[in-house]
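Chain identifiers are assigned alphabetically (A, B, ...) following the order of the sequence lines, protein sequences preceding nucleic acid strands; residue numbering begins at 1 within each chain.
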Amino acid sequence: MDDQTRMLAGLGGLGGLTQDVGDPDSVRKQLGQPQQDIGDILQQIMAITDESLDEAQARKHALNCHRMKPALFSVLCEIKEKTVLSIRGVQEEDPPDPQIMRLDNMLLAEGVSGPEKGGGSAAAAAAAAAAGGSPNDGSIEHSDYRAKLAQIRQIYHSELEKYEQACSEFTNHVMNLLREQSRTRPISPKEIERMVSIIHRKFSSIQMQLKQSTCEAVMILRSRFLDARRKRRNFNKQATEVLNEYFYSHLSNPYPSEEAKEELAKKCAITVSQVSNWFGNKRIRYKKNIGKFQEEANLYAVKTAVDAANVSAQASQANSPATPNSGGYPAPCYTPDGRL
DNA sequence: AGATATGATTGCGA
DNA sequence: TCGCAATCATATCT
């Protein structure tokens with residue numbers, strides 16, 4: 001008969017033991033002889049289900065106060081020590097899951113899991129900025145995107161909260177149960193900890209599913225939004241004029257600095273990246289077909305010259321935006337009368 | 001409707 | 001990260 005069977009058998013006969021209460025060895029000797037039929041024990045166990053809560057509590061109390069309890073407890077401790085090896089292997093700490101980390105990072109970047117103010121609206125604003133609409137143009141898609149993102153965010157947080165609440169409730173429940181049980185059987189804090197970590201692992205795998213589907217939803221939303229970006233609109237006439245003016249007056253080096261881009265963006269009511277796009281397109285298209293742009297170039301050269309003249313009439317000649325054409329792109333050629 | 005213009009995107013190299 | 005070159009997708013012109 002092994003220890004556990006002996007223990008079961010012994011439970012039924014606790015009442016009959018009177019001597020050597022504190023000595024596990026003597027207890028084991030006595031417990032070693034089956035004093036009651038297995039059938040009786042089973043009957044007792046089955047009877048537990050028929051007991052009321054009060055009866056069960058009373059019974060539990062009686063058991064806890066039983067004079068044999070310390071002896072039984074120490075026997076259980078011994079058994080425990082023998083079996084503890086088997087659970088040792090299970091409790092290695094696993095490192096943070098890279099998959100979860102990826103999902104977390106993405107949710108943070110998209111403004112789903114981060115703080116309310118910065119993330120969502122910032123990401124939406126950035127996306128809207130990339131969308132290229134002027135403040136008025138993009139507003140419909142922008143607010144639409146923001147609303148959808150906020151919806152996703154809200155669902156994500158409420159689900160997450162639900163999971164966390166369920167997890168902590170369940171953990172508490174299990175911990176209370178184990179603490180309660182620890183009065184009658186040896187349960188080390190380490191074991192409770194282990195059980196808690198098992199529960200947490202289970203719940204974090206559920207959380208991962210939530211995060212995964214949230215990421216998917218964001219990706220779908222984003223891709224829809226990016227498709228919408230293709231619906232471009234031409235810049236207004238004034239904006240194109242401002243950009244062209246800068247381009248042709250800096251034809252030798254049509255690369256606006258970051259500050260210049262910002263200023264142009266402000267003047268044209270577009271974004272800095274739109275200014276960059278415009279200059280990129282302009283440079284390449286001008287270079288590819290200088291002839292075609294000649295007229296335009298002359299037009300703006302004259303315009304710039306007139307502006308500069310006006311400025312110099314008022315003040316000194318110092319800050320004309322035009323730089324002499326030297327290298328870079330070929331300058332437009334003039335006829336003596338100012339025409340091509 | 002087809003041609004052309006134009007803003008945006010993508011892939012690559014420095 | 002920036003710019004170039006090719007390309008896409010849409011707007012506008014003829």
Side-chain angles (χ1 to χ4, degrees), chain A residues 102 105-106 108-111 118-119 121-146 148-149 215-304 321-332 340:
Chain A
R102 265 202 305 278
N105 285 341
M106 189 192 152
L108 204 65
E110 293 298 333
S121 50
S134 65
N136 297 325
D137 295 342
S139 63
I140 295 167
E141 290 128 77
H142 183 171
S143 62
D144 203 32
Y145 179 86
R146 231 159 71 168
K148 294 249 162 63
L149 196 70
C215 279
E216 269 172 36
V218 172
M219 291 312 279
I220 289 166
L221 179 67
R222 250 188 114 77
S223 72
R224 267 197 216 141
F225 189 71
L226 288 174
D227 285 347
R229 293 196 290 181
R230 290 277 188 189
K231 285 194 179 113
R232 65 172 188 81
R233 254 178 224 181
N234 292 355
F235 298 155
N236 63 38
K237 220 176 159 204
Q238 185 252 337
T240 316
E241 223 160 89
V242 169
L243 294 167
N244 271 317
E245 240 169 77
Y246 188 98
F247 181 81
Y248 287 111
S249 65
H250 295 74
L251 205 52
S252 61
N253 185 35
Y255 297 88
S257 65
E258 201 53 39
E259 291 80 44
K261 279 182 193 171
E262 272 166 30
E263 202 177 322
L264 285 167
K266 215 193 248 173
K267 268 192 198 166
C268 302
I270 57 177
T271 66
V272 171
S273 65
Q274 283 180 301
V275 172
S276 301
N277 284 341
W278 189 91
F279 273 87
N281 284 325
K282 191 73 183 181
R283 279 191 299 263
I284 194 87
R285 283 163 187 164
Y286 179 82
K287 205 173 87 174
K288 266 188 176 172
N289 196 349
I290 295 170
K292 200 180 79 184
F293 287 94
Q294 206 66 261
E295 201 180 332
E296 191 180 65
N298 286 324
L299 198 77
Y300 281 101
V302 170
K303 205 168 147 58
T304 310
T323 45
N325 293 319
S326 54
Y329 292 94
L340 281 174

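Evaluation of atom-type donor-acceptor distances gives a pair under 3.5 Å for the side chain of A/Asn281 against the base of B/dA8.
Taking atom NZ on A/Lys237 and atom P on C/dC13, their separation rounds to 11 Å, with Å as the unit. Put simply, CG on A/Leu243 is 15 Å from C1' on B/dA8, counting in whole angstrom units. Computed from coordinates, the A/Phe235 CZ to C/dT12 P distance equals 13 Å when rounded to whole Å. Rounded to an integer number of Å, the gap from CG of A/Asn277 to C1' of C/dT7 is 14 Å. A/Glu296 has its CD atom 11 Å from the P atom of B/dA5, to the nearest Å. Rounded to whole Å, atom P of C/dG3 lies 15 Å from atom NE2 of A/His250. When rounded to the nearest whole Å, the span between CZ of A/Arg283 and P of C/dG3 equals 6 Å. Between the CG atom of A/Asn234 and the C1' atom of B/dG7 there is a distance of 7 Å, given to the nearest Å.
Contacts of A/Glu296 classified as side chain to side chain donor-acceptor pair (under 3.5 Å), with partners at least two apart in sequence or in another chain: A/Tyr248, A/Lys282.
Below 30°, between 30° and 60°, or above 60°: for A/Phe247 and A/Tyr286 the angle between ring planes is above 60°, a perpendicular geometry.
Checking the phosphate oxygens (OP1, OP2) of B/dG7, no side-chain nitrogen or oxygen of A/Gln274 falls inside 4.0 Å. Under 4.0 angstrom from either OP1 or OP2 of C/dT7 there lies no side-chain N or O belonging to A/Lys288.
Listed nucleotides: C/dC4, B/dT6, C/dC2. Nearest to the side chain of A/Glu258: C/dC2.
Taking each heavy atom of A/Ala260 and A/Tyr246 in turn, the nearest pair found is CB-OH, 3.7 Å. Nearest heavy-atom pair, A/Val272 versus A/Ala265, reported as atom, atom and distance to 0.1 Å: N-CB, 3.8 Å.
No contact: A/Lys282 has no heavy atom under 4.0 Å from any strand.
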